[in-house]
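Here's the structure we're looking at; comments come further down.
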Protein chains: 2
Amino acid sequence: MTQFTEETLESIRNHFQRTIPQLSINCVIFRFDGETLQVPVVRFLDEDVWNIPGGFIYQDEGIYEAAKRILLEQTRIDNLMLSQFGTFGSAERSVAKDITRNPKMGFPQDIIDHFSQRFVTIGYYSIVGKEQRKLKAGPFFKEVKWVNVAETEHLAMDHPQLVSEALLALRSELQSRPLLSSFMPETFTIPELQKLYEAILGRPVDRGNFRQRILKTKILEKIGTSKQKTGSRPPILYKLDQKNYLNSLSDDVKLGF
Amino acid sequence: MTQFTEETLESIRNHFQRTIPQLSINCVIFRFDGETLQVPVVRFLDEDVWNIPGGFIYQDEGIYEAAKRILLEQTRIDNLMLSQFGTFGSAERSVAKDITRNPKMGFPQDIIDHFSQRFVTIGYYSIVGKEQRKLKAGPFFKEVKWVNVAETEHLAMDHPQLVSEALLALRSELQSRPLLSSFMPETFTIPELQKLYEAILGRPVDRGNFRQRILKTKILEKIGTSKQKTGSRPPILYKLDQKNYLNSLSDDVKLGF
DNA sequence: TCAAAAGTGTTTGGTCTACACCCATGC
DNA sequence: GCATGGGTGTAGACCAAACACTTTTGA
């Protein structure tokens with residue numbers, strides 16, 4: 001029945017020993033493929049249940065380092081700036097309870113018990129460019145893939161909520177954190193950038209106004225004209241002017257109301 | 001040596017048994033006394049070390065409920081809307097390690113060990129009106145008092161950082177959450193409100209412009225003239241128009257740049 | 001020459017800022 | 001009446017939304 005060797009089980013138990021109990025981390029990573037926002041999801045063993053990448057915190061590492069390690073192990077995505085978007089811990093919240101309890105999986109009782117505990121999770125989000133395609137599942141996970149954020153409502157447990165909370169944080173930090181550097185490739189056009197904004201904000205943006213406003217900030221540096229074979233005027237290629245871009249970001253709080 | 005009865009020690013151990021290990025909650029509560037922002041701090045036993053109120057999460061309660069309970073137990077402040085502002089957990093982070101280790105305290109080794117563990121903490125903040133003065137220390141705490149946020153740099157451990165992170169969150173959420181209802185008394189004047197904004201934003205605000213903008217939102221309802229014996233024109237009394245106020249709050253994200 | 005998409009400009013109205021000025025009160 | 005702080009108005013700069021017009025390309 002059991003599909004795990006005793007060695008594997010021991011390594012799982014050993015992992016539990018070395019990590020903080022009842023506390024986990026989940027990483028929501030956004031990618032923009034030119035049309036929609038996507039996030040990587042992982043599949044645990046043979047189950048057809050998809051999860052936001054997540055894991056546990058070693059006793060001797062900070063939570064931020066843990067988040068980076070977990071992401072690297074499970075998706076092979078490395079070197080990201082991660083931002084916290086919230087911590088979730090209703091009394092009923094657990095991780096992988098249903099999966100491990102499934103008799104078909106053949107887990108021993110101690111591991112089922114461990115995963116059936118109530119767990120609090122810390123949510124981080126980040127961003128990768130669209131050229132970032134080298135997803136590769138790490139240990140304990142069978143498969144990783146990108147899915148559109150619009151299609152994340154079927155993820156396991158409260159993971160759909162994690163995605164939408166992460167998206168809210170992404171939206172509100174779009175102007176105050178250097179996110180464009182991560183989202184966009186080295187060179188890009190203004191219409192491409194506009195599509196990114198529309199995807200993040202979830203609403204259309206006026207073409208002319210978008211162009212004017214973004215050019216006024218001087219964060220774009222013209223480097224030529226793209227040569228495409230579309231039946232239309234070829235857009236101008238730009239790259240980010242890092243110095244001006246970082247200057248344009250601001251935590252300044254307006255009075256607003 | 002020991003200043004604790006065996007009964008007390010047992011109740012502490014029992015509390016540990018029922019809570020999530022290595023995870024704590026801290027609550028930064030802001031009050032505005034008309035001039036400055038203040039937060040309550042608690043003193044643990046006989047030590048002259050002041051802490052942001054904090055505690056642990058029972059296995060059968062959500063983290064939000066835990067935060068409210070902890071706040072009530074330690075300060076007798078009740079019925080607040082709390083907002084999360086971040087979770088902190090560097091590898092070296094602990095709670096009360098120094099205090100419990102102090103031989104003068106006479107704690108048994110098992111309790112010292114428990115408090116010497118690495119702890120992750122979830123930070124919540126909230127707001128009370130200035131009439132909220134009924135601070136009263138709960139169990140395990142000797143004393144509670146209000147201190148100005150400007151004077152929180154001497155708090156224990158990383159608690160000064162918690163205060164400044166909470167203040168940042170407060171600032172950026174001033175326009176999107178119904179914070180005024182909590183900060184201000186039933187009736188108040190515009191100059192009083194302006195002082196609150198200046199305290200939160202940490203900078204002066206133009207009198208005339210502040211007045212115009214806040215009146216344009218229609219969130220204030222005139223109810224008369226205050227009768228003060230100051231040697232100047234008496235300000236107009238207002239109260240919040242709850243319906244318009246809630247409407248005026250918005251998560252709308254501007255394009256900005 | 002036409003459609004399609006990119007690039008540009010203009011109009012209108014709002015908002016932000018920095019003030020100047022007036023008003024009600026106690027001394 | 002005068003100092004003090006509250007209440008009000010306004011000019012100029014700046015910003016935003018809507019939309020019309022022009023340009024460049026492939027077919």
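Small disclaimer: the values here were computed from a predicted structure and weren't measured. Numbers restart at 1 for each chain; the letters A, B, ... are given by sequence-line order, proteins then strands.
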For A/Q242, all residues meeting side chain to side chain donor-acceptor pair (under 3.5 Å), sequence neighbours excluded: none

Going by side chain to side chain donor-acceptor pair (under 3.5 Å), name the residues that satisfy it together with A/S90, two or more places apart in sequence or in a different chain. A/E92

My understanding is that only residues two or more places apart in sequence, or in another chain, count here; which of them pass side chain to side chain donor-acceptor pair (under 3.5 Å) with A/T121? A/S24, A/N26

Residues 81-89 of chain B, side-chain donor-acceptor partners within the protein, below 3.5 Å, at least two apart:
{"residue": "B/S83", "atom": "OG", "partner": "B/R177", "partner atom": "NH1", "Å": "3.3"}
{"residue": "B/Q84", "atom": "OE1", "partner": "B/Y124", "partner atom": "OH", "Å": "3.4"}
{"residue": "B/T87", "atom": "OG1", "partner": "A/T87", "partner atom": "OG1", "Å": "2.5"}

A/K216 NZ to D/dA17 C1': how many Å, rounded? 12 Å

Let me know the distance between CD of B/Q194 and C1' of D/dT8, rounded to the nearest Å. 15 Å

Please identify each residue that fulfils side chain to side chain donor-acceptor pair (under 3.5 Å) with A/E143, with sequence neighbours left out. A/R43

Hey, is B/D158 close enough to B/R93 for a salt bridge, meaning N to O under 4.0 Å? yes

Rounded off to whole Å, could you give me the CZ-to-P distance for the B/R213 and D/dT8 pair? 18 Å

How many Å lie between NZ on B/K195 and C1' on D/dG5, as a whole number? 10 Å

Using a cut-off of 4.0 Å on non-hydrogen atoms, how would the nucleic acid contact of B/T225 be classed: base, sugar-phosphate, or nothing? nothing

Rounded to whole Å, the CG-C1' distance (B/L220 to D/dT8) equals 16 Å

List every contact pair, protein side and nucleotides 6-10 of chain C side both N or O, where the distance is under 3.5 Å.
{"residue": "C/dA6", "atom": "O4'", "partner": "A/R233", "partner atom": "O", "Å": "3.4"}
{"residue": "C/dA6", "atom": "N7", "partner": "A/R207", "partner atom": "NH1", "Å": "3.3"}
{"residue": "C/dG7", "atom": "OP1", "partner": "A/R211", "partner atom": "NH2", "Å": "3.4"}
{"residue": "C/dG7", "atom": "OP1", "partner": "A/I236", "partner atom": "N", "Å": "2.4"}
{"residue": "C/dG7", "atom": "OP2", "partner": "A/R211", "partner atom": "NH2", "Å": "2.5"}
{"residue": "C/dG7", "atom": "O5'", "partner": "A/R211", "partner atom": "NH2", "Å": "2.7"}
{"residue": "C/dG7", "atom": "N7", "partner": "A/R207", "partner atom": "NH1", "Å": "2.6"}
{"residue": "C/dG7", "atom": "O6", "partner": "A/R207", "partner atom": "NH2", "Å": "2.9"}
{"residue": "C/dG9", "atom": "N7", "partner": "A/Q212", "partner atom": "NE2", "Å": "3.4"}

